[in-house]
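Inspection log for the structure reproduced underneath, given as structure tokens.
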Amino acid sequence: MNNIIDILYERGFIENTTHDKELSRYLEDENVTCYIGFDPTASSLHVGSLVPLMSLAYMQKHGYRPIALIGGGTGLVGDPSGKTETRQLLNSEIIEENICGIKEQISRFIDFSEGKAILLNNADWLSQLRYIPFLRDIGRHFSVNRMIKAESYKMRLKAEEGLNFIEFNYMLLQSYDFLKLFDKYGCRLQLGGSDQWGNIVAGIDLVRRMRHETTFGIILPLITTSSGEKMGKTAKGSVWLDSKRTKPNLYYQYWINTDDRDVARFLALFTFLPMVEIKKIEKLSGADLNSAKTVLAFEATLIAHGDKEALKAYHSAQSNFVPRPVPKEILPSSSIPRNGMEREDISAYMNATLPPIRAEIKGRVVDLKTEIMADSTPCTYINEDQLKAGIPAFKLYHMVGLANSGSASRRLIAQGGAYLNGKRLELFDYLITDSDVDNMEILLRAGKKRFHKLKVKNNN
RNA sequence: GGUGGGGUUCCCGAGUGGUCAAAGGGAACAGACUGUAAAUCUGUCGGCGAAGCCUUCGGAGGUUCAAAUCCUCCCCCCACCA
């Protein structure tokens, strides 16, 4: 089990590969360089990009050199693969901005220090291209007959939207990237989602035709949840990796809400926990799985946002919901706290002036006490005066963002979905005043899972 | 360039002068049941301190007591032909 291919297969990262035998042989070599492209179509990557990111991370763990290629050039063109609609063309300033955000996120997953990995932007070579030489050197290797048979284009050729010429060129540009990376970095392996099959194969062909060398492709699966949805899409939009766009505690909640059937699969894909331990999870059923979900959420948040945020999210979940300690025997390699520090303990710590509680997380010693205090439930500050005058409940829910409009807020309360300090609100215009304040704050809740804290601020 | 078909609320999609804040489905939200899961059942699903009023059917004008619906111009998409 020390072959990377076996590891990736076992964890569920491989849907398909080109030249199976040669690829395994190639991967026995130590100097493997592989790459994945990331489109800068948004200022942040989202959960849907985790499979590529994690696969690169595993490659790196295995001692290979990964290249993360940001599509600053191809982003200007727009990849039609797997899209049913034409993408909006993005202008270069937006793309530049997006690249900044994405770079930072990639570096949470991959270590770029000391040449262990390379971060590149294909705008560096694509934007220099001259049309006629490109057509003559690269374009002549592409058969339109073959291109229109590619699955990625077929869909669009059939669709009502059609396919315009700029997008049709995307395949050439991505192939050219592979050629460039092969020439400059000796990169022989490209990974990509199943929608990238056509583009990857085209790149392999181009290198073979122009350099008479063999290169390889690994196709990563498009992960869908067991209920059939794409990863990372919720009604509220995507689950972003950027902590400004998706707060770490919501990111944590996203993983907590994982479907029972997906827990083991997701632990394998989205954490670094050993497979031996994950296999044991598969045997769990019913409510026992919730501990595994807690670990999944903790580990995933740890990777994306760091230990501090993971702890904060863990503790606010433990205090807002029914606390659920994670038994020692479940996924023992996880650094999730297990010392039974639950709701009562948390408030005890809040009030007591105990010496710091040391815990070791990811090899670093942190003071658990400060982490506990730092609750990551979203909160809003309110003036004492404002509260003394009183605010109708439905206004407050709207104000704080638990409802999108006054009407929605009224509905929420009328349907019995609004709770004030744990007690159900009966009247939509119940006047919330300072008498509802408990320990300098008011806990608002909408439905089962959405919380918001209102903290009282003195005027002085 | 020609001909034809389209653009409706978060998405799909019905609606061709008043009964339209607009059928139906999906998504979503809330309640019940639960385990912060899934399934199921029930309710809600433009905005407004809610009586009533205001804004919405690609955009701008117009006809009419009355326009998503009729007319004019414009923008965008698709198919076929060139």
Side-chain angles (χ1 to χ4, degrees), chain A residues 80 83-89 155-164 167 224-230 232-239 249-267 281-282 284-298 300-301 313-327 330 342-343 376-377 389-399 401-419 422 424-432 444-451:
Chain A
K83 306 281 179 316
T84 47
E85 302 179 353
T86 308
R87 262 203 203 161
Q88 249 192 321
L89 278 183
M155 198 162 143
R156 284 288 292 280
L157 288 169
K158 268 194 283 178
E160 277 192 3
E161 274 265 339
L163 176 72
N164 61 36
E167 298 172 287
T224 51
T225 61
S226 287
S227 48
E229 268 130 45
K230 267 194 198 170
K233 296 281 176 201
T234 66
K236 302 240 163 49
S238 302
V239 180
N249 67 314
L250 288 178
Y251 188 81
Y252 179 96
Q253 285 301 318
Y254 173 76
W255 293 104
I256 284 286
N257 289 322
T258 300
D259 192 299
D260 281 9
R261 296 164 287 179
D262 294 327
V263 179
R265 190 160 60 106
F266 286 1
L267 280 164
I281 292 306
E282 286 169 6
L284 294 181
S285 66
D288 291 340
L289 263 179
N290 281 359
S291 292
K293 289 185 193 180
T294 309
V295 175
L296 171 64
F298 181 81
T301 311
Y314 169 73
H315 283 298
S316 47
Q318 293 288 307
S319 66
N320 285 336
F321 295 93
V322 180
R324 199 179 308 283
V326 179
I330 290 195
E342 308 313 342
R343 188 186 286 175
S376 64
T377 306
I391 307 167
F394 78 102
K395 289 251 178 203
L396 191 65
Y397 269 76
H398 177 30
M399 201 178 92
L402 286 173
N404 290 327
S405 67
S407 301
S409 191
R410 278 162 176 261
R411 261 179 252 132
L412 176 77
I413 299 170
Q415 290 178 133
Y419 303 79
R424 178 175 280 172
L425 280 169
E426 306 291 343
L427 290 169
F428 75 87
D429 57 354
Y430 171 82
L431 212 58
I432 294 176
L444 301 174
R445 192 176 114 204
K448 296 270 186 292
K449 313 182 194 174
R450 286 147 57 224
F451 293 85

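Everything quoted here is computed from the prediction, not taken from an experiment. Below, chains carry the letters A, B, ... as their sequence lines are ordered, and counting in each starts from 1.
- Ranking B:G35, B:U36, B:U44 by closeness to the A:Asn257 side chain, first place goes to B:U36.
- Evaluation of atom-type donor-acceptor distances gives no pair under 3.5 Å for the side chain of A:Asp288 against the base of B:G35.
- Each of A:Tyr419 and A:Lys449 was assigned the nucleotide of RNA chain B with the nearest heavy atom; the assignment lying further toward the 5' end belongs to A:Tyr419.
- The partner of B:U72 is B:A60, judged by Watson-Crick or G-U wobble contacts that both fall below 3.5 Å.
- Residues passing the side-chain hydrogen bond (donor to acceptor under 3.5 Å, both in side chains) test with A:Thr225, sequence neighbours excluded: A:Ser227.
- Nucleotides B:G58 and B:A67 are separated by 16 Å at their P atoms, to the nearest Å.
- Here B:A22 sits opposite no nucleotide as a Watson-Crick or G-U wobble pair (both hydrogen-bonding atom distances under 3.5 Å).
- For the C1' atom pair drawn from B:C76 and B:A60, the interatomic distance equals 15 Å after rounding to whole Å.
- Distance, A:Arg450 CZ to B:C29 P: 8 Å, rounded to whole Å.
- Here the nucleotide nearest the side chain of A:Gln253, chosen from B:G47, B:U36, B:A37, is B:U36.
- A distance of about 14 Å separates the C1' atoms of B:C48 and B:A21, rounded to the whole Å.
- When ring centroids are compared, A:Phe428 and A:Tyr397 stay outside the 6.0 Å threshold.
- A straight line from NZ of A:Lys293 to P of B:G35 spans 12 Å, rounded to a whole angstrom.
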N/O to N/O distances under 3.5 Å, protein versus nucleotides 49-52 of chain B:
residue : atom : partner  : partner atom : Å
B:G49   : OP1  : A:Lys395 : NZ           : 3.3
B:G49   : O4'  : A:Arg410 : NH2          : 3.4
B:G49   : N2   : A:Asp429 : OD2          : 3.0
B:A50   : N6   : A:Ser407 : OG           : 3.1
B:A50   : N6   : A:Arg410 : NE           : 3.3

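- The nucleotide B:A50 finds no pairing partner, because no Watson-Crick or G-U wobble arrangement with both distances shorter than 3.5 Å includes it.
- Nearest nucleotide to the A:Asp260 side chain, out of B:A37, B:C48, B:U44: B:A37.
- In this structure, NZ on A:Lys449 lies 7.5 Å from CZ on A:Phe321, to the nearest 0.5 angstrom.
- Nearest nucleotide to the side chain of A:Asp259, out of B:A38, B:G47, B:G31: B:A38.
- Across the strands present, B:G1 finds its partner in B:C81; the criterion is a Watson-Crick or G-U wobble pair with both atom distances under 3.5 angstrom.
- Comparing the P positions of B:A28 and B:G5 gives an interatomic distance of 38 Å, to the nearest angstrom.
- Within 3.5 Å, no donor on the side chain of A:Gln415 pairs with an acceptor on the base of B:G31, nor the reverse.
- The shortest non-hydrogen separation linking A:Lys293 to A:Thr258 is NZ-O, 2.9 Å.
- Rounded to whole Å, the P atom of B:A38 lies 26 Å from the corresponding atom of B:G47.
- Base pairing analysis places B:A30 opposite B:U42; the two distances defining the Watson-Crick or G-U wobble pair are each below 3.5 Å.
- Counting non-hydrogen atoms of neighbouring residues, nucleotides and ligands closer than 6.0 angstrom, the CG atom of A:Asp288 exceeds 12 such neighbours.
- Rounded to whole Å, the separation between the P atoms of B:C73 and B:A51 comes to 45 Å.
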Kindly determine whether A:Ile256 and A:Asn290 satisfy side-chain contact (heavy atoms from CB on, under 4.5 Å), including the steps that lead there.
CA-CA 8 Å; A:Ile256 284 286; A:Asn290 281 359; over 6 Å; no
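- Comparing A:Gly447 and A:Ser227 along RNA chain B, the residue whose closest nucleotide (by nearest heavy atom) sits nearer the 5' end is A:Gly447.
- Checked against B:G35, B:C48, B:U36, the side chain of A:His398 finds its nearest nucleotide in B:C48.
- Side-chain atoms of A:Lys448 lie closest to B:A32 of the nucleotides B:A32, B:G35, B:U36.
- Distance from the side chain of A:Arg424 is smallest to B:A32 among B:G35, B:G47, B:A32.
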